[in-house]
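Keep in mind that what you see is a predicted model, and the values were worked out from it rather than measured. Residue numbers begin at 1 in each chain, while the letters A, B, ... track the order of the sequences.
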Amino acid sequence: MKNAAQLKPGEIAVIIDVDNDHPSSHRILEIGFTPGQEIQFISGALFNDPMAFSIRGSIVAIRKNEASCILIKPKH
Amino acid sequence: MYSDQTETLTKKRIPLITLVGQPNSGKTTIFNFLSGKNFKTVNYPGSTVEYYVSRILSKHAVDANILDSPGIISLVPSSPDERLSVKALHSHPEYGAPDLVIVTVDSSQLSRHLLLVRQLQDSGFNVVVALTMIDILHRKGFDISETKLSQLLGCKVVRINGKTGEGIDNLLGAVKEGITSEQAGRRLIETRTPNSKRKEKLLESYREIESIENEVLFTLKSAKDDSRSSLASINEQLIVLGNNVRNRPDENTLRLDKILLHKFWGLAVFALIMSVTFTLIFWLAAPLMDLVNDGFSIASEFAFQALGDTWYGNLVSNGIISGVGSVMVFLPQILILFLILGLLEDSGYLARGAMLVDKPLSAIGLNGKSFVPMLSGFACAIPAIMATRTISNKRERFLTIFIVPLMSCSARLPVYALLTAFLFPPEDTLMGGIAMTAIYLFSIASSLVIASIANRLSKSISNLNDPSSFILELPAYRKPKLSVVGANSFNNAMQYVRKAGPVILYLSVILWVLTYFPNHTPQIDGAGRSEEEIVELTNSERIATSYASYMGKFLEPVLEPIGMDWRVGVSLVATLAAREVFVSSLALMFKVTEAGDDIQNSLLDAMRNAKIEGTGMKLFTTATSIGLIVFFVFALQCISTIAIVRKETGSWTIPALQLIAFTGLAYFLTYITVNGLRFIGVN
Ligand SMILES: Nc1nc2c(ncn2[C@@H]2O[C@H](COP(=O)(O)OP(=O)(O)O)[C@@H](O)[C@H]2O)c(=O)[nH]1
Ligand SMILES: [Mg+2]
């Protein structure tokens with residue numbers, strides 16, 4: 001399954017789930033990355049790490065490995 | 001003892017109102033309006049790390065204490081520090097449980113911020129919602145109905161304009177009602193959701209919030225066009241617009257971030273901003289410095305003429321005015337440093353900076369969130385060390401605290417500025433600026449090297465199961481308000497004067513006494529000498545036989561290897577009170593002011609002529625000046641820093657380590673620099 005770390009700049013996707021096993025998963029949910037929400041990958045720093053996403057009208061930067069626990073499907 | 005307690009019990013307790021909200025949601029702004037205080041508000045998540053309490057201004061006619069708190073994302077803590085914040089919210093160790101909580105909700109990020117409101121209500125807090133950042137919501141093309149929101153949440157909702165203070169009256173009305181309601185005395189329940197249920201509970205809250213959001217937000221256009229139309233029809237329009245429009249971040253911010261967060265351009269702009277900052281400090285300040293210099297020079301000369309060549313004339317003109325003046329000359333540079341930092345803080349760029357450097361910093365055991373404390377370390381290490389509280393990983397936080405004192409704080413600025421002015425003529429602002437930038441870059445590079453070494457060394461000691469994380473909201477860009485930033489910088493600079501001023505003053509007087517007595521009128525054989533030579537001889541004889549020299553002579557064996565003499569040694573010891581004192585102390589030791597001369601130039605002249613006592617060797621050479629710069633880059637000469645590190649880390653280990661390692665390193669590297677430069681023929 002695709003995860004948010006694999007998105008390309010500008011790409012939009014819909015969150016399906018957040019992997020509970022990641023130590024940051026709860027914080028990621030709290031900050032608004034919940035299933036059903038649309039996210040857009042805005043831009044990444046060097047090596048795409050950290051990555052900035054638009055979520056619920058805010059821009060939030062998270063590390064690449066934290067983004068990889070956000071499971072997504074492409075938006076149609 | 002007992003009677004004391006009953007007295008406090010019978011005395012009417014002043015109600016406590018706590019401001020709670022996500023980081024950067026406008027809490028401190030409201031706190032300042034209510035308390036009349038002027039705490040710093042910064043466009044960066046995590047700018048308040050302490051609890052501040054104040055009585056609400058009497059003109060507001062609400063008798064209560066208001067508590068400003070560090071931002072929290074949710075009531076479910078995910079780090080030990082957050083656990084403390086949440087505990088303190090339920091019952092602050094000093095101020096107790098709040099009678100009322102004002103939750104700040106950024107209306108342009110409604111759903112994310114309503115989560116906390118829901119959690120607070122679930123825990124039984126007596127809640128009033130303050131809607132902030134309405135202007136940003138308008139910029140997005142939306143407005144919000146606070147009556148509807150109030151109905152749906154079941155608590156009072158007030159909108160506040162953080163720029164003008166509009167709405168504060170309504171907030172006070174809601175507060176007045178809130179603290180007298182029976183809700184105020186309600187007991188709080190600390191909700192403990194079992195881990196397995198946490199996710200489910202959270203998703204449920206968010207679903208509920210999303211449906212609230214759908215009902216309270218409406219497009220500005222529709223509100224203007226047909227103000228008579230019912231809310232229902234407006235909501236219909238909203239449904240047509242759909243979620244994606246409402247959930248777009250601020251468009252200007254997105255556009256700017258295309259460049260500022262770009263893989264390569266972003267880094268280029270970052271490097272540019274950092275280097276322009278340090279260069280600007282030097283040459284923008286030059287004309288202002290001349291002004292201050294002239295002012296103090298005139299005052300010193302005036303005092304000398306008015307009081308004559310007596311001991312008190314000497315004390316006032318040489319001891320006090322030129323001592324204080326020699327440091328205050330550099331105040332404009334400090335002001336400009338604060339100004340630039342303030343502009344960066346207010347614009348919203350800092351969070352981007354943190355994101356851009358996260359990867360390289362985490363390679364050496366730091367975190368992107370170390371960036372802001374490191375940058376504010378250029379102003380002063382003490383607030384910078386407190387700012388590390390936003391780093392949730394303990395190891396990364398302690399490592400950041402470890403290296404923050406290596407950042408060139410504003411107290412070092414006068415020392416560097418004097419020494420670069422000695423190396424390059426003060427008129428040569430270009431070279432001066434380059435030298436200054438080089439010193440800053442050198443201090444940053446050294447701190448990074450030291451961090452990576454410390455990281456390697458401590459890896460074996462510290463536990464590693466504390467996961468590292470970087471989750472940071474990037475706030476919307478804002479045009480910095482020059483009036484606010486200007487006023488803030490001015491306040492900071494004045495605070496600098498108030499803090500350093502008295503120390504410089506006292507030490508100048510003490511040093512003056514130590515250098516003037518006991519042999520204040522030495523016998524000089526005047527035969528065949530000009531008057532000028534006699535004055536000079538008298539001065540040097542007086543100092544050479546003064547109390548200060550007795551004390552300084554003890555230090556001579558340590559100082560000789562690094563090319564310094566006892567006078568520099570006494571000045572270095574004096575820096576333990578404040579680093580800037582080095583400059584005023586040199587001014588005193590070398591007895592600089594002669595009537596009609598300006599303070600800075602005569603100090604530079606005196607430094608050029610100074611000889612190591614008993615030898616013909618020049619004391620201040622290119623080698624020893626660079627050596628002194630190196631010494632100041634590394635040495636931990638600040639008692640307040642040691643105290644705050646002890647407090648923040650909870651033990652003496654780190655401050656002791658810093659004191660020994662940094663000061664030892666300073667001495668060692670100065671030794672190498674001075675002797676190395678001499679060896680290759682630079683003198
Ligand atoms: N545009 C706008 N900015 C605001 C408003 N209220 C506060 N701010 C700014 O938002 C930033 C964060 O405010 P602050 O009070 O420090 O938030 P805190 O972190 O919750 O204490 C600061 O730069 C404030 O000047 C508002 O209503 N509109
Ligand atoms: Mg604050």
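In this structure a side-chain-to-backbone donor-acceptor pair under 3.5 Å is present from B:Lys199 to A:Val18. At distances below 3.5 Å, not a single donor-acceptor pair connects side-chain atoms of B:Ser469 with backbone N or O atoms of A:Ser24.
With a 4.5 Å cut-off on non-hydrogen atoms, A:Ile31 touches chain B through its backbone and its side chain both. Neither the backbone nor the side chain of B:Ser205 comes within contact range of chain A; no heavy atoms are under 4.5 Å apart. Of the atoms belonging to A:Pro23, it is side-chain heavy atoms, and not backbone ones, that fall under 4.5 Å from chain B. For B:Ile471, the parts sitting under 4.5 Å from any heavy atom of chain A are the backbone and the side chain alike. At a 4.5 Å heavy-atom cutoff, the contact between B:Leu356 and chain A is made by backbone and side-chain atoms alike. Looking at B:Leu110, there are no atoms closer than 4.5 Å to chain A (heavy atoms on both sides), in backbone or side chain. Contact of B:Leu203 with chain A is made through the side chain alone, with heavy-atom distances under 4.5 Å.
A:Glu30 and B:Ser74 are linked by a side-chain donor-acceptor pair at a separation below 3.5 angstrom, with hydrogens and angles left out of the test.
Residues B:Ser111 and A:Arg56 approach most closely at OG-NH1, 3.1 Å, considering heavy atoms. Considering all non-hydrogen atoms of both residues, B:Met355 and A:Ala45 come closest at CE-N, 3.8 Å. Scanning both residues, A:Glu66 and B:Ser468, for their nearest heavy atoms gives OE2-O, 4.5 Å.
Counting heavy atoms from C-beta outward, A:Thr34 and B:Glu210 have side chains that approach closer than 4.5 Å. The shortest distance between side-chain heavy atoms of B:Leu254 and A:Ile59 falls below 4.5 Å. Between B:Leu202 and A:His26, the closest side-chain pair of non-hydrogen atoms falls below 4.5 Å. The closest side-chain heavy-atom distance from A:Lys64 to B:Lys359 is not below 4.5 Å.
Rounding to the nearest 0.5 Å places OG of A:Ser43 at 7.0 Å from NE2 of B:His262. Note that CD of B:Gln109 and OG of A:Ser58 are 3.0 Å apart. Values are rounded to the nearest 0.5 Å.
Atom NZ of B:Lys263 has more than 12 neighbouring heavy atoms from other residues, nucleotides or ligands inside a 6.0 Å radius.
Contact tally against chain B (heavy-atom pairs below 4.5 Å) for A:Ile55, A:Ile42, A:Leu29: the top residue is A:Leu29. With respect to chain B, the highest number of heavy-atom pairs below 4.5 Å among A:Pro50, A:Pro35, A:Ser54 belongs to A:Pro50.
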